[in-house]
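Data block below; observations after.
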Protein chains: 2
Amino acid sequence: MARTQGSHAGITGPRIRDAALRLFAEHGFAAVSMRQIASAVGLQAGALYNYTPDKQALLFSLMKEHMDDLLGDLARLPSSASPSARLEAFVRFHIAFHLERPELVFIAYMELRNLTPENFAVIEGLRRDYENALQRILSDGVASGCFEVADTKLATLAVIAMLTGVTTWYRPDGRLSVPEVQDLYWDMVRKSVSA
Amino acid sequence: MARTQGSHAGITGPRIRDAALRLFAEHGFAAVSMRQIASAVGLQAGALYNYTPDKQALLFSLMKEHMDDLLGDLARLPSSASPSARLEAFVRFHIAFHLERPELVFIAYMELRNLTPENFAVIEGLRRDYENALQRILSDGVASGCFEVADTKLATLAVIAMLTGVTTWYRPDGRLSVPEVQDLYWDMVRKSVSA
DNA sequence: TCAATATCTGAACGGGCGTTCAGATCAACC
DNA sequence: GGTTGATCTGAACGCCCGTTCAGATATTGA
């Protein structure tokens, strides 16, 4: 027998993932070469193919894991509270989650068109699951009379777009802390769907 | 003497611009080659260089003209009305303008990182001018008591992000007309900044 | 009609691309 | 300590890249 697992596989794999994440976020998927990724990890390009079947799979796995994390964490939010409390929890969660991983968020939004049609369909389905979770909250709130929203689908997309925009300007060393940002966005969202 | 102007220049130039616009929007700047653009216009790649010094200038001119159009049209909105009326006009204008040119909007948001630092600074400056116009409206409204906004800078970015998101889902043959979309977004924005 | 010149072609330049693979290297188990 | 197999190198494959430019082509003013 020999090694049951590659001795470096457990280290090199994540390092490749991190390098690809950083480079894709900075320059874009199409503008980053496998040789650049390999160089960032201290490898030759060929060695990458011990860890990914091809460049496309590298992008897809980053986006897929990101969406799985997003939906997994979302599912842990309390679902029995009032629509207003659930909406507040959603807003605060969305902001915190996205600010914790700006590079993944950037990739997940910008590189959709670089996915193969099959991979795109998978990510798009997960994205829709996420949107549906918010739409459910808004619908419940409208049904119970605590929200007044003319079109829950449009409101869902509007709220998500507004919240996700935080990643384009927030800086950890900036004027506002994360809780302050959460408070400010929650105040706007709360009013925008209020009766 | 000979031709005072190239007989095709007035036709080929815009055709190159349009092809580049379409291809950049569909595949991304980095993923589109000069040969693809030339082929879409029925030329060899070398001929493009009669119309643009290089690929970067092609991207920059698209984005620069887009921002100039945006700011030019914005300046035509009435500026003497009440903050509330000015905000409504801004919201309706932003939606209509962006839905009329989804490809340019897409490029202007997605390809910023493919600009040279100098070109990026120019576009970023114009973008800030646009944001400042909205922030002025919000500040005036806060000063006159008709708006209640805790942080006008954050609210500015939040509103723009929310409105621009319309381009990611709106389809001309979809469920909602442009005026309906404008009404729905204006309703949400109005409430989100209300006192 | 013909000279002038705007426009375009076609080939070339040096270089980088994603991917493959034979063989070198090296760590873990017997 | 030798064997095994995971890991990696280095070279190669065919192809495409942005850009340049000499020369062909096309159109207009004279």
Side-chain angles (χ1 to χ4, degrees), chain A residues 1-21 23-24 26-63 107 111 113-119, chain B residues 1-21 23-24 26-63 107 111 113-119:
Chain A
M1 292 303 158
R3 290 181 288 185
T4 54
Q5 275 197 337
S7 57
H8 291 164
I11 298 171
T12 306
R15 290 187 67 210
I16 290 172
R17 215 194 92 102
D18 291 351
L21 169 63
L23 289 167
F24 288 167
E26 183 172 355
H27 306 292
F29 175 76
V32 172
S33 70
M34 294 297 269
R35 284 171 179 82
Q36 283 176 57
I37 297 170
S39 171
V41 184
L43 294 176
Q44 297 299 314
L48 299 182
Y49 291 84
N50 289 321
Y51 300 90
T52 182
D54 51 35
K55 193 186 176 192
Q56 166 73 204
L58 200 47
L59 174 62
F60 176 66
S61 79
L62 286 171
M63 295 178 69
I107 290 173
E111 306 297 353
R113 62 182 160 187
N114 285 310
L115 292 173
T116 62
E118 303 77 27
N119 288 343
Chain B
M1 294 302 158
R3 289 180 289 184
T4 54
Q5 274 197 335
S7 57
H8 291 163
I11 297 171
T12 305
R15 289 186 68 209
I16 291 173
R17 215 194 92 102
D18 291 350
L21 168 62
L23 289 168
F24 288 166
E26 184 172 354
H27 306 291
F29 175 76
V32 172
S33 70
M34 294 298 269
R35 285 171 178 82
Q36 283 176 55
I37 297 169
S39 172
V41 184
L43 294 176
Q44 298 299 313
L48 299 182
Y49 291 84
N50 289 322
Y51 300 91
T52 182
D54 51 35
K55 194 187 175 191
Q56 166 74 204
L58 201 46
L59 174 63
F60 177 66
S61 80
L62 286 170
M63 296 178 69
I107 290 173
E111 306 296 354
R113 62 181 160 188
N114 285 310
L115 291 173
T116 63
E118 302 78 26
N119 288 342

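Everything numeric here is computed off the predicted structure, so don't read it as measured data. Residue numbers begin at 1 in each chain, while the letters A, B, ... track the order of the sequences.
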Exercise. Which of these nucleotides, dG18(D), dT9(C), dG18(C), is closest to any side-chain atom of Lys55(A)?
Worked result: dG18(C)
For this session: State which of dG18(D), dT7(D), dT19(C) makes the closest approach to the side chain of Asn50(A).
Result: dT7(D)
Problem set entry | Rounded distance (Å) that lies between atom C1' of dA22(C) and atom OH of Tyr49(A) | 18 Å
Problem set entry | Whole-Å gap separating C1' (dG18(D)) and CZ (Phe29(B)) | 10 Å
Exercise. Mind checking what makes side-chain contact (heavy atoms from CB on, under 4.5 Å) contact with Asp54(A), not counting sequence neighbours?
Worked result: Gln56(A), Ala57(A)
For this session: Starting at CG of Asp18(A), measure out to CG of Leu23(A) and round the result to the nearest 0.5 Å.
Result: 11.0 Å
For this session: Report which part of the nucleic acid Val32(B) touches: base, sugar-phosphate, or nothing (heavy-atom distance under 4.0 Å, all strands).
Result: sugar-phosphate
Exercise. OP1 or OP2 of dT7(D) less than 4.0 angstrom from a side-chain nitrogen or oxygen of Thr12(A), does that happen here?
Worked result: no
For this session: Report the distance from atom CE of Met34(A) to atom P of dC17(C), rounded to the nearest whole Å.
Result: 11 Å
Exercise. Who passes side-chain hydrogen bond (donor to acceptor under 3.5 Å, both in side chains) against Asn114(B), sequence neighbours left out?
Worked result: Glu111(B)
Under 3.5 Å, which N/O atoms of the protein pair with N/O atoms of nucleotides 10-14 of chain C?
| residue | atom | partner | partner atom | Å |
| --- | --- | --- | --- | --- |
| dA12(C) | N6 | Arg35(B) | NH2 | 3.2 |

Exercise. Ser61(A) side chain to Leu58(A) main-chain N or O, any donor-acceptor pair under 3.5 Å?
Worked result: yes
Problem set entry | Whole angstrom value for the distance that separates P of dG18(C) from CG of Asn114(A) | 12 Å
Exercise. With Thr116(A), which residues qualify under side-chain hydrogen bond (donor to acceptor under 3.5 Å, both in side chains), at least two apart?
Worked result: Glu118(A), Asn119(A)
For this session: Nearest-nucleotide wise, let me know which of Leu48(A) and Ser33(B) is further upstream toward the 5' end of DNA chain D.
Result: Leu48(A)
Exercise. Rounded to the nearest Å, what distance is computed from the CD atom of residue Gln56(A) to the C1' atom of nucleotide dG18(C)?
Worked result: 13 Å
Exercise. Just how far, in rounded Å, is C1' of dC15(D) from CD of Gln36(B)?
Worked result: 14 Å
Residues 34-46 of chain B side chain polar contacts: donor-acceptor under 3.5 Å, at least two apart:
none

For this session: Could you check how far OH of Tyr51(A) sits from P of dT19(C), rounded to whole Å?
Result: 17 Å
Exercise. Looking at CD1 of Ile107(A) and CE of Met63(A), how far apart are the two atoms once the value is rounded to the nearest 0.5 Å?
Worked result: 8.5 Å
Problem set entry | Spacing between Ile37(B) atom CD1 and dG18(D) atom P, to the nearest angstrom | 8 Å
